[in-house]
Amino acid sequence: MNRTILVVEDDRNLSLVLSRVLQKEGYEVAVANTVAEGKSLLNERAPGIVLTDVYLPDGTGLEILESAKSIDRDIDVIVKTANATGEAAIAAMKKGAHDYLLKPFQVDELVLH
């Protein structure tokens, strides 16, 4: 199993917390803060899992999802959204996301996914 996770999150504090938690769980973690950085790291690192926010400064996590699936259909993409209606999460699931998390979420939820 590919133990590399790409975290795409524009909140630097949250990306740091997620990175630390995931590393403690035995994952290798790469962090991007924009869609452009995320797409670049997708090509460089070939992660097994992508954890992306929906709303990013230069685009959306759906772009990350589409790029990941175009590289490898087996990459599991988990989308995080603060949108309580979950519209973005539903759109992500239709595009092939593995799962979604509504913010705020407990870090334990992430580890269980």
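For this chain, numbers begin at 1 and follow the sequence in order. Just so it is clear, the values below take in all heavy atoms, side chains as well, and ignore hydrogens, waters and symmetry mates.
Side-chain contact between Val29 and Val7: present, with at least one pair of heavy atoms (C-beta onward) separated by less than 4.5 Å. Taking 4.5 Å as the limit, every side-chain heavy atom of Leu65 sits out of range of all side-chain heavy atoms of Thr52.
Applying the side chain to side chain donor-acceptor pair (under 3.5 Å) test to residues at least two apart or on different chains, the pairs with a partner in residues 58-76 are Glu66-Lys95.
Looking at every heavy atom in both residues, Gly61 comes nearest to Leu56 through N-CD1, 4.0 Å. In plain terms, the two heavy atoms of Leu6 and Gly38 that are nearest each other are CD2-O, 3.6 Å. Of all the heavy atoms in Ile75 and Pro47, the pair that sits closest is CG1-O, 3.5 Å. Contact record, Asp10 with Asp53: OD1-OD2, 3.5 Å, taken as the closest heavy-atom pair.
Cluster annotation: Leu16 is not connected to Leu41 through the hydrophobic network of ILVMFWY side chains, with a link wherever side-chain heavy atoms come within less than 4.5 Å.
Summarising the geometry, atom CG belonging to Asp99 is positioned 10.5 Å from atom CG belonging to Leu51; distances are rounded to the nearest 0.5 Å. In this structure, OG in Ser15 is found 10.5 Å from CZ in Arg20, a value given to the nearest 0.5 Å.
For the side-chain contact (heavy atoms from CB on, under 4.5 Å) test with Val50, the passing option among Ile71, Leu42, Ile78 is Leu42; the others fail. Among Arg3, Gln23, Arg45, the single residue meeting the side chain to side chain donor-acceptor pair (under 3.5 Å) criterion with Glu28 is Arg45.
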Problem set entry | Residue pair Glu25, Ile5: steps toward the side chain to side chain contact (heavy atoms under 4.5 Å, CB included) verdict | CA-CA 11 Å; Glu25 291 294 320; Ile5 296 179; over 6 Å; no
